[in-house]
Peer 1: 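Once you've had a glance at the structure underneath, I'll fire off some questions.
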Amino acid sequence: MNNFLDLCRAAIGAPYVITNEADMVPYLTDWRRRFTGRAQAILRPGSAEEVAALVKLCSEARVPVVPQGGNTGLVLGSVPDDSGREVVLSLGRMNRIRAVDVINNTMTVDAGCILAQIQNAAAEAGRLFPLSLGAEGSCTIGGNLSTNAGGTGVLRYGNTRELCLGLEVVTPQGEIWNGLRGLRKDNTGYDLRDLFIGAEGTLGIITGAVIKLFPQPKAQLTALAAMQTTDNALALLTLAQQRCGATLTGFELMSQFCLELVAKHYPQMQLPFPQPYPQYVLLELSDSESEEHAMETLESLITSALEEDVIQDAVVAGSIAQSRALWDLREHITLAQADEGKNIKHDVSVPISRIRDFIRETDAALAEQFPGIRMVTFGHLGDGNLHYNVSPPVGVPADEFINRQHEVNQVVHDSVNSYNGSISAEHGLGALKREEVKQYKSDVEMRLMRTIKQALDPLQLMNPGKVL
Ligand code: FAD
Ligand code: 2HG
Ligand code: ZN
């Protein structure tokens with residue numbers, strides 16, 4: 001008889017305390033299937049009050065807690081370690097849209113709401129919630145907030161942090177902090193909200209949020225441009241920003257090899273150009289005036305870019321289906337690279353002005369040390385954020401290559417550091433990068449972070465072994 005688990009059952013109902021091994025597996029394995037941990041149980045509370053009751057029980061019994069949303073994180077932050085001592089606290093049942101305020105342009109949501117559900121609810125209210133990423137059909141807003149997710153709309157709307165006005169959080173002691181304020185101005189002390197955003201579940205559990213809504217654009221246009229070099233892509237970015245201003249809502253870079261992988265593993269998706277080019281940019285314009293205005297702006301941009309030899313070819317999607325097809329190419333890169341086999345991911349950012357030199361220098365350093373290494377470089381160029389991923393050379397067994405992950409990371413991250421960049425632009429640190437980050441942050445910065453952790457979670461029970 002396990003007294004702790006019986007108390008959990010009494011708090012939230014026996015069906016919501018999962019201890020059966022087979023039923024626990026999906027919660028214990030990360031999205032990339034790199035690691036399966038162990039846990040005492042999966043706890044599935046239905047309200048903030050139930051989360052608070054469970055966290056109190058965990059605190060009393062000294063049981064470490066791993067918060068989990070959609071479990072789509074890419075840095076081993078949402079799965080437990082292999083000790084078997086931890087519990088996974090899954091927010092999946094907390095999926096209520098609590099309120100929509102169309103005048104204040106805000107929505108109050110449970111943390112377990114799926115991102116796509118929130119986007120749809122905003123659209124039904126005639127508004128836009130602009131956070132958008134490949135995992136939107138299964139990731140939750142609590143996970144988005146806890147990783148401060150980026151995605152494809154950051155250029156115009158910012159990261160998840162910029163899209164949040166208020167939070168409701170269960171503290172490591174099991175109290176509920178109601179900070180669900182829909183205010184755009186509030187300078188009444190330390191910003192606790194911003195402390196919990198991006199904390200990856202190490203400071204408390206987000207149970208609800210007030211998020212920002214925006215007017216829906218009158219028209220949204222997507223285009224794919226083909227070019228020779230990343231220099232051309234950067235020149236196109238400057239031109240597009242000059243011509244389109246805030247209308248430019250997406251600017252995604254993809255190399256030819258990325259799209260070759262997509263075409264290989266998803267043959268139904270083909271490139272719309274008769275010949276391959278080394279680089280491509282997917283552009284999105286969101287126009288508040290009209291479809292005609294959007295088309296004029298986009299066509300004039302493309303004409304100038306062609307005339308100035310910045311790009312070699314371009315297609316503009318003529319329908320929602322064509323636009324979807326272009327986005328599908330972009331969003332299937334992660335899946336296609338996974339289908340190709342095990343790989344090493346780097347989610348890096350450098351100042352946009354230094355991206356060209358970063359790629360040139362780091363590509364050369366990797367090619368010298370790991371001959372034949374296959375670069376899968378793509379990402380949110382408009383934010384200076386590259387997914388500078390690598391696949392093993394053809395013929396080299398994936399496991400042999402993955403064993404050298406540390407050496408590969410050292411080359412890439414040292415280079416990022418020399419460009420004053422970040423080794424995690426949008427995915428977080430989780431358990432995957434927490435050791436490595438220490439090489440690149442000063443002692444002062446690490447000490448400040450540990451001080452905050454110690455002050456809020458002195459028993460070190462909130463997602464231990466992640467971030468710090
Ligand atoms: P989980 O994976 O469940 O958790 C992520 C972290 O947050 C963990 O540390 C967890 O403990 C913590 N956490 C979760 N919920 C809570 C909560 N309520 N309170 C406290 N802590 C919590 N990320 C980007 O930034 N941009 C992208 O473009 C992007 N694209 C992706 C595409 C694919 C195909 C995939 C698989 C992932 C992608 N991601 C991207 C990574 C991932 O971070 C996001 O999918 C998402 O933000 C994670 O949400 P989740 O609900 O799945 O969180
Ligand atoms: C994206 O931008 C995601 O598609 C995933 O952040 C990146 O697969 C990756 O490395
Ligand atoms: Zn990304």
Side-chain angles (χ1 to χ4, degrees), residues 27 30-33 45 48 51 55 65-80 86 88-92 94-95 109-115 131-154 159-161 167-170 172 196-209 250 252-254 258 261 282 327 330-338 343-349 376-381 383 385-391 424-432 434 462-467:
Y27 300 88
D30 73 302
W31 189 87
R32 294 176 78 197
R33 302 192 183 286
V51 173
V55 172
V65 184
V66 181
Q68 189 178 94
N71 198 16
T72 67
L74 298 172
V75 291
L76 299 180
S78 53
V79 286
E86 302 185 333
V88 173
L89 197 148
S90 165
L91 281 290
M94 292 178 55
N95 56 6
V109 296
D110 278 356
C113 285
I114 302 283
L115 175 55
L131 182 64
S132 178
L133 43 104
E136 63 198 22
S138 45
C139 64
T140 62
I141 190 70
N144 303 145
L145 286 159
S146 300
T147 56
N148 185 25
T152 54
V154 175
N159 293 298
T160 311
R161 185 186 300 283
L167 285 184
E168 177 186 76
V169 175
V170 169
F196 291 107
I197 296 175
E200 301 182 52
T202 60
L203 299 180
I205 297 178
I206 297 175
T207 50
E252 298 285 314
L253 177 78
M254 309 173 266
C258 294
L261 284 180
L282 184 67
W327 273 108
R330 160 65 180 86
E331 280 166 3
H332 277 70
I333 300 172
T334 300
L335 300 169
Q337 197 187 8
N343 57 72
I344 303 174
K345 284 188 186 298
H346 301 109
D347 165 35
V348 305
S349 60
V376 182
T377 305
F378 65 103
H380 319 288
L381 191 68
D383 314 327
N385 175 193
L386 291 178
H387 298 304
Y388 190 74
N389 296 349
V390 294
S391 284
S424 181
E426 59 170 8
H427 297 160
L429 296 173
L432 195 66
R434 78 166 184 149
M462 301 307 304
N463 218 1
K466 317 290 165 56
V467 181

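Each ligand, and each atom within it, is numbered from 1 in the order the structure gives.
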Peer 1: Please confirm whether G70 comes within less than 3.5 Å of ligand 1 when only nitrogen or oxygen atoms on both sides are compared.
Peer 2: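 Yes - when backbone and side-chain N and O of G70 are compared with those of ligand 1, one distance drops under 3.5 Å.
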
Peer 1: Please work out the angle at the Zn ion (ligand 3) defined by atom NE2 of H380 on one side and atom NE2 of H387 on the other, rounded to 10°.
Peer 2: 100°

Peer 1: Heavy-atom pairs closer than 4.0 Å: do any link ligand 1 to the side chain of I206, the backbone, both, or neither?
Peer 2: both

Peer 1: Any N/O of G150 closer than 3.5 Å to an N/O of ligand 1?
Peer 2: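 Yes, since at least one N or O of G150 sits under 3.5 Å from an N or O of ligand 1.
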
Peer 1: Under 4.0 Å from ligand 1, counting heavy atoms only, is it the side chain of T147, its backbone, both or neither?
Peer 2: side chain

Peer 1: Going by the order shown, which atoms of ligand 1 are within less than 4.0 Å of some heavy atom of S146?
Peer 2: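 Contacts of ligand 1 toward S146, numbered from 1: 7 (O), 12 (C), 13 (N), 16 (C), 17 (C), 19 (N), 20 (C), 21 (N), 22 (C).
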
Peer 1: Give, for atom CG of D383 and atom OG1 of T152, the distance between the pair rounded to the nearest 0.5 Å.
Peer 2: 9.5 Å

Peer 1: Please tabulate, one line per pair, the protein N or O atoms found under 3.5 Å from any N or O atom of ligand 2, giving the distance to one decimal.
Peer 2:
from: ligand 2; atom 1: 2 (O); to: R330; atom 2: NH2; distance (Å): 2.7
from: ligand 2; atom 1: 2 (O); to: H380; atom 2: NE2; distance (Å): 3.0
from: ligand 2; atom 1: 2 (O); to: H387; atom 2: NE2; distance (Å): 3.0
from: ligand 2; atom 1: 4 (O); to: R330; atom 2: NH1; distance (Å): 3.0
from: ligand 2; atom 1: 4 (O); to: R330; atom 2: NH2; distance (Å): 3.3
from: ligand 2; atom 1: 6 (O); to: H387; atom 2: NE2; distance (Å): 3.0
from: ligand 2; atom 1: 6 (O); to: E426; atom 2: OE2; distance (Å): 3.0
from: ligand 2; atom 1: 6 (O); to: H427; atom 2: NE2; distance (Å): 2.7
from: ligand 2; atom 1: 8 (O); to: T334; atom 2: OG1; distance (Å): 2.7
from: ligand 2; atom 1: 8 (O); to: K345; atom 2: NZ; distance (Å): 2.6
from: ligand 2; atom 1: 10 (O); to: K345; atom 2: NZ; distance (Å): 3.0
from: ligand 2; atom 1: 10 (O); to: N389; atom 2: ND2; distance (Å): 2.9

Peer 1: Return yes or no for this condition: an N or O of E200 is under 3.5 Å from an N or O of ligand 1.
Peer 2: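 Yes; the residue has a nitrogen or oxygen that sits under 3.5 Å from a nitrogen or oxygen of the ligand.
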
Peer 1: Just by distance, do the side chain of D30 and the backbone of R32 share a donor-acceptor pair under 3.5 Å?
Peer 2: yes

Peer 1: If only atom types and distance count, is the side chain of R161 paired as donor or acceptor with the main-chain N or O of I197 below 3.5 Å?
Peer 2: yes

Peer 1: Using a distance-only test with no angle check, is there a side-chain donor-acceptor pair under 3.5 angstrom linking T202 and N463?
Peer 2: no

Peer 1: Quick one: does N385's side chain get under 4.5 Å of E426's, heavy atoms only?
Peer 2: yes

Peer 1: So for H427, does at least one of its heavy atoms come nearer than 4.0 angstrom to any atom of ligand 1?
Peer 2: yes

Peer 1: Quick check: does G77 get an N/O under 3.5 Å from an N/O on ligand 1?
Peer 2: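 Right, the criterion is met.
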
Peer 1: If you take the nearest heavy atom of each of L133, T152, L74, L203, which one is closest to atom 30 (N) of ligand 1?
Peer 2: L133

Peer 1: Could you tell me whether some N/O pair between A149 and ligand 1 is separated by less than 3.5 angstrom?
Peer 2: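 In fact, backbone or side chain, A149 has no N or O that close.
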
Peer 1: With rounding to the nearest 0.5 Å, note down the distance linking CG in N389 to CD1 in I344.
Peer 2: 9.5 Å

Peer 1: For ligand 1, is any non-hydrogen atom under 4.0 Å from N463's backbone (N, CA, C, O), its side chain (CB onward), both, or neither?
Peer 2: side chain

Peer 1: Report the residue from N71, V66, V88 that forms a side-chain contact (heavy atoms from CB on, under 4.5 Å) with V79.
Peer 2: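 By the side-chain contact (heavy atoms from CB on, under 4.5 Å) criterion, V79 pairs with just one of N71, V66, V88: N71.
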
Peer 1: Got a donor-acceptor contact below 3.5 angstrom from the S138 side chain to the G70 backbone?
Peer 2: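 Flag not set: sc S138 to bb G70 has no pair under 3.5 Å.
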
Peer 1: Note the single closest protein heavy atom to atom 11 (O) of ligand 1, along with its residue, its atom name and the distance in Å.
Peer 2: P67 O, 2.6 Å

Peer 1: Under 4.0 Å from any heavy atom of G201, which atoms of ligand 1 are there?
Peer 2: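 In order of number, 20 (C), 21 (N).
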
Peer 1: So, is E426 polar-close to ligand 1, with some N/O to N/O distance under 3.5 Å?
Peer 2: yes

Peer 1: For the backbone of L429 and the side chain of E200, can you confirm whether one donor and one acceptor N or O come within less than 3.5 Å of each other?
Peer 2: yes

Peer 1: I need the atoms of ligand 1 closer than 4.0 Å to a non-hydrogen atom of L91, numbered in the order shown.
Peer 2: 18 (N)

Peer 1: Classify the angle between the aromatic ring planes of H387 and F378 as parallel (below 30°), tilted (30 to 60°) or perpendicular (above 60°).
Peer 2: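 The arrangement is tilted - the two ring planes meet at 30° to 60°.
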
Peer 1: Is there side-chain contact between L115 and L133, with heavy atoms separated by less than 4.5 Å?
Peer 2: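 SC-SC contact between L115 and L133 confirmed.
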
Peer 1: Who's the nearest protein heavy-atom neighbour of atom 32 (C) of ligand 1, and how far?
Peer 2: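 Its nearest protein heavy-atom neighbour is A135 N, 3.7 Å.
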
Peer 1: Below 4.0 angstrom from a heavy atom of G204, which ligand 1 atoms are there? Numbered from 1 as shown, please.
Peer 2: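 With G204 as reference, the close atoms of ligand 1 come out as 20 (C).
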
Peer 1: For N71, is at least one N or O under 3.5 Å away from an N or O on ligand 1?
Peer 2: yes

Peer 1: What atoms of ligand 1 come closer than 4.0 angstrom to any heavy atom of G73?
Peer 2: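 Ligand 1 atoms under the 4.0 Å threshold to G73: 2 (O), 42 (C).
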
Peer 1: Is it the case that the side chain of D347 and the backbone of A425 share a donor-acceptor pair, with hydrogens and angles ignored and the cut-off at 3.5 Å?
Peer 2: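 Such a contact is found between D347 side chain and A425 backbone.
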
Peer 1: Please could you name the atoms of ligand 1 that N144 approaches to less than 4.0 Å, counting only its heavy atoms?
Peer 2: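 Counting from 1, the qualifying ligand atoms are 46 (C), 47 (O), 49 (O).
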
Peer 1: Distance only, no hydrogens: is a donor on one side chain within 3.5 Å (strictly under) of an acceptor on the other, for Q68 and S78?
Peer 2: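 Note: Q68 and S78 side chains miss the donor-acceptor criterion.
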
Peer 1: Per the side-chain contact (heavy atoms from CB on, under 4.5 Å) rule, which among L89, V170, T207, I205 passes with P45?
Peer 2: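 Considering L89, V170, T207, I205, a side-chain contact (heavy atoms from CB on, under 4.5 Å) with P45 is found only for L89.
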
Peer 1: Hey, is G151 one of the residues with a heavy atom under 4.0 angstrom from ligand 1?
Peer 2: yes

Peer 1: Let me confirm one number: the CZ-CG distance from R434 to L76, rounded to the nearest 0.5 Å.
Peer 2: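 Answer rounded to 0.5 Å: 11.5 Å.
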
Peer 1: Give a yes or no on whether E426 keeps an N, O or S atom under 2.8 Å from the Zn ion (ligand 3).
Peer 2: yes

Peer 1: Locate the shortest heavy-atom distance separating V75 from H427; write the atom from each residue and the value.
Peer 2: CG2-O, 3.4 Å

Peer 1: G69 versus ligand 1: do any nitrogen or oxygen atoms come within less than 3.5 Å of each other?
Peer 2: yes

Peer 1: Ignoring hydrogens and geometry, is there a side-chain-to-backbone donor-acceptor pair from H346 to Y388 under 3.5 Å?
Peer 2: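 Yes, H346 side chain to Y388 backbone: donor-acceptor pair under 3.5 Å.
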
Peer 1: Kindly identify the option in T72, T140, V88 whose heavy atom sits closest to atom 51 (O) of ligand 1.
Peer 2: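 Closest candidate by heavy-atom distance is T140.
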
Peer 1: Under a 4.0 Å N-O cut-off, is there an ion pair linking E252 with R330?
Peer 2: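 Between R330 and E252 there is a salt bridge, with a charged N closer than 4.0 Å to a carboxylate O.
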
